[in-house]
Amino acid sequence: MEKKRDTWDSRFIFVMAAIGSAVGLGNVWRFPYTCYKYGGGAFLIPFFVALLTAGIPLMILEFGLGHKMRAAAPLAFRSIRKKYEWVGWFAVLTGLFVMTYYGVVMGWCFRYLAYAINMAWGNDTQGFFYNGVLKLSGGIGDIGAPVGWTLFGLFLCWLGVFFSIIKGVKSVGKVVMWTVPVPVILLLAFVIRGVTLPGAMDGLSYYLTPDLMALLDWEVWLQAYGQVFFSLSIGFGVMIAYGSFLSEDSDVTNCAFITCLADAGICFMAGFAVFSTLGYLAFTEGKDVAEVVKSGPGLAFVTYPLIINKLHFIPQAFGVMFFLMLLTLGIDSAFSLVEAGVAGSIDKWGLNRVSVNAIISFLAFAFGILYTTRAGLYWLDIVDFYLTNYGLAIVGLLECVLVGYVYGADKIREHVNRTSEIRIGVWWDLCIKIVTPVILLWMILAKLLNVNGIAAKLAGRGPEGAPWREILFNPPYEGYPAWAQMAGGWGLLLALFVAALIISSVKSRRDGNA
Ligand code: PHE
C-alpha cells in the first residue's frame with residue numbers, strides 16, 4: 001500500500017523553505033557584484049525582465065510539476081514519459097555535486113566564525129585566507145593532503161544537513177523557521193551599519209548608478225538570466241521536490257511569486273550591505289571603490305575581514321555576525337539540494353529515509369574531500385563553473401522542452417490555475433515554450449562559442465587568415481590545464497549523465513507492481 005505523502009505543516013512553512021533554498025550565498029556575493037559590473041542600477045531592468053519571463057514561470061513550472069505528479073524530480077519526469085526519468089536524476093545529481101563544494105564553502109565559514117572571535121586573520125587577510133586557511137598549492141595538479149580544519153568544517157556542515165532533513169519536511173519546517181529570518185535580520189543590521197559609515201554613499205553610487213548603454217549589450221541580459229536561475233535554485237530539482245510536499249489544494253502560483261520576489265528583494269538589499277561597506281573600505285584606504293570591489297570567496301573571506309578590522313565599535317561581534325549570516329544563509333540552500341536527492345530515491349525505492357539520507361550525505365561528503373585539499377579552490381572553481389553554467393542550463397532547457405511540448409504546458413497551467421488565486425494566462429506557456437528555452441540555449445552557446453569572434457569573422461573583420469578551428473570556441477575556463485577541464489568539467493557532466501541513465505534504468509518498486 002502506498003504511504004500517504006508527507007506534506008508541509010502550512011503554506012507559510014513551505015514558502016519559508018523555498019525562500020530558504022533560494023536565498024543563499026549567491027544573494028550576498030554574486031548579485032551585488034553582477035549588478036555593479038553589468039550596468040549598475042540599469043541592471044535592475046534586465047534582472048526584473050528575467051525574473052518575470054524566466055524566474056517566476058520556471059518556479060511555477062517546478063512547483064506545479066512536483067505538485068501535480070506528487071513526486072520529486074526523477075519520478076515527476078518519469079510520469080511525463082518513462083524514458084525521461086533520467087532527466088530528473090541528472091538534475092538531482094547536478095545539484096548534489098553543487099552541494100559537494102557548497103559544503104566546503106560552509107566549512108570555511110565555520111572556521112571563520114571561530115577566527116572572528118579574536119579576528120585571527122590579522123591585517124594580511126589575503127595571505128591568511130589563501131596561505132593560512134586554504135594552504136593553496138601552486139597548481140591544480142598539486143593536490144596534497146586535505147586540510148584538517150576545513151575537513152572538520154565540511155563534516156560539521158554535513159552533520160547540519162543530515163539532521164535538518166532527518167524527518168523530511170517536518171524537520172525542514174522547524175529549521176527554516178530559524179535559518180530564514182536570522183540571516184535576513186543580520187543582513188539588515190549590516191545594511192544599517194554599512195550606510196552609516198563614512199564613504200558609504202560612494203559605494204552605493206557604484207552599485208546603483210545606471211549605465212543605460214549596458215542595456216544594449218546582450219551579455220548583460222544573459223548575465224541577468226543566469227543570475228535569476230542560480231539565485232532561485234532552479235534547475236536542480238529542488239523546487240520540484242519541495243512542490244511535491246504541498247497539500248493538494250495549495251496555491252502554487254502565489255507561492256512562486258512570493259518566493260521569487262522575496263529572493264529578488266534580498267538580493268537587492270544585500271547590495272546595500274556589500275557596497276556601503278566597500279565604500280567605507282575605499283574611503284579608509286584612500287582608494288577608488290572600483291579597486292576594492294570583489295565577489296565570491298574573495299569578498300567574504302578577504303575583503304570582509306579587512307572591513308571588519310576597520311570597524312571601531314565591537315568589530316568581533318560584526319565578524320561573528322557576518323559568518324553566522326553566511327552559515328544560516330547557506331544551510332537551507334545546502335539541505336534543499338540533498339533533500340531533492342533523498343526524496344527522489346525514496347520515491348523510487350521506498351527505502352527508509354534515515355538510511356537514504358545517511359548514504360547520500362556520506363557519499364557527497366566523501367566527494368567533497370577533494371575541495372578540502374590544497375588544490376581544492378581550483379577544483380571548486382572549475383566544478384562550479386561547469387555545473388552552474390552548463391549543468392543548470394541543460395536541465396532548465398530539458399525541463400522547458402519536456403513540460404512545454406511533450407507533456408503540454410497547458411496541462412500544468414490548468415492544474416495550477418485550479419487551486420490558485422492568481423490565474424496564469426497563455427503568456428506562461430509562451431515563456432516556458434519559447435522565451436526561456438531560447439535564452440537557455442543561447443546561454444549555453446554563448447559560453448561555449450566565441451560569439452564575438454565568429455561575428456567578426458563573418459563580417460570579414462576577423463584576424464587575417466585565422467582558421468575557424470581557432471575562432472569557434474571560447475578559450476578554456478580561466479586557463480586551467482586541459483586535463484583538469486576535462487575531469488572537473490565535461491568529464492564530470494558526462495559522468496553525471498551516464499549515472500543518471502544507469503540509475504533510471506535500475507528497477508524501482510513501481511516496476512515490480514506495475
Ligand atoms: N540559490 C542559492 C544561492 O543563491 C544557491 C543554490 C542553487 C541552492 C541551487 C540550491 C540549489 O546561493
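Both ligands and their constituent atoms are indexed starting at 1 by order of listing.
Short contacts between ligand 1 and S233, defined as distances under 4.0 Å to a heavy atom of the residue, involve ligand atoms 1 (N), 2 (C), 6 (C), 7 (C), 8 (C), 9 (C), 10 (C), 11 (C). Per-residue contacts place S333 under 4.0 angstrom from the following atoms of ligand 1 (heavy atoms of the residue considered): 8 (C), 10 (C). If you number the atoms of ligand 1 from 1 as listed, the ones under 4.0 Å from a heavy atom of S21 come out as 1 (N), 2 (C), 8 (C). Near A22, meaning under 4.0 Å from any of its heavy atoms, are these atoms of ligand 1: 1 (N), 2 (C), 3 (C), 4 (O). Residue F236 has at least one heavy-atom neighbour below 4.0 Å for each of these atoms of ligand 1: 7 (C), 9 (C), 11 (C). Set against the non-hydrogen atoms of N27, the atoms of ligand 1 under 4.0 Å away are 4 (O).
Remark: F367 CZ is loosely packed, at most 12 non-hydrogen atoms of other residues, nucleotides or ligands lying under 6.0 Å away.
Side chain to side chain, Q485 and Y386 meet the donor-acceptor criterion of an N or O pair below 3.5 Å. In the model, D332 has no side-chain atom that pairs as donor or acceptor with a side-chain atom of S21 under 3.5 Å. In this structure, a donor-acceptor pair under 3.5 Å is present between the side chains of Y477 and D381.
Taking the six-membered ring where the residue is Trp, the centroids of W121 and F129 are separated by 6.0 Å or more. Less than 6.0 angstrom separates the ring centroid of F128 from the ring centroid of Y115.
Ring geometry for Y38 versus F43: interplanar angle of 30 to 60°, hence tilted.
Proximity of a side-chain donor or acceptor of T436 to a complementary backbone N or O of I432 within less than 3.5 Å is not detected.
Contacts between A334 and ligand 1, counted as non-hydrogen atom pairs separated by less than 4.0 Å, are absent for every part of the residue.
Among W29, F230, F229, F31, the residue whose heavy atom sits closest to atom 5 (C) of ligand 1 is F230.
Residue F63 forms a ring pair (Phe, Tyr, Trp, His ring centres under 6.0 Å) with just one option from F14, Y242, W8, and that option is F14.
Remark: ligand 1 and V238 share no N or O pair separated by less than 3.5 Å (distance only, no angle test). Polar contact check, Y102 against ligand 1: a nitrogen or oxygen pair lies under 3.5 Å apart. Polar contact check, S231 against ligand 1: a nitrogen or oxygen pair lies under 3.5 Å apart. At least one N or O atom of L25 sits closer than 3.5 Å to an N or O atom of ligand 1.
Residues M269 and N27 form no side-chain contact, since every pair of their non-hydrogen atoms from C-beta on lies 4.5 Å or further apart.
Ligand 1 does not have G95 within reach: every non-hydrogen atom of the residue lies 4.0 Å or more from it. The closest approach between a heavy atom of V98 and any atom of ligand 1 is not below 4.0 Å.
The protein heavy atom nearest to atom 11 (C) of ligand 1 is L337 CD2, 3.2 Å.
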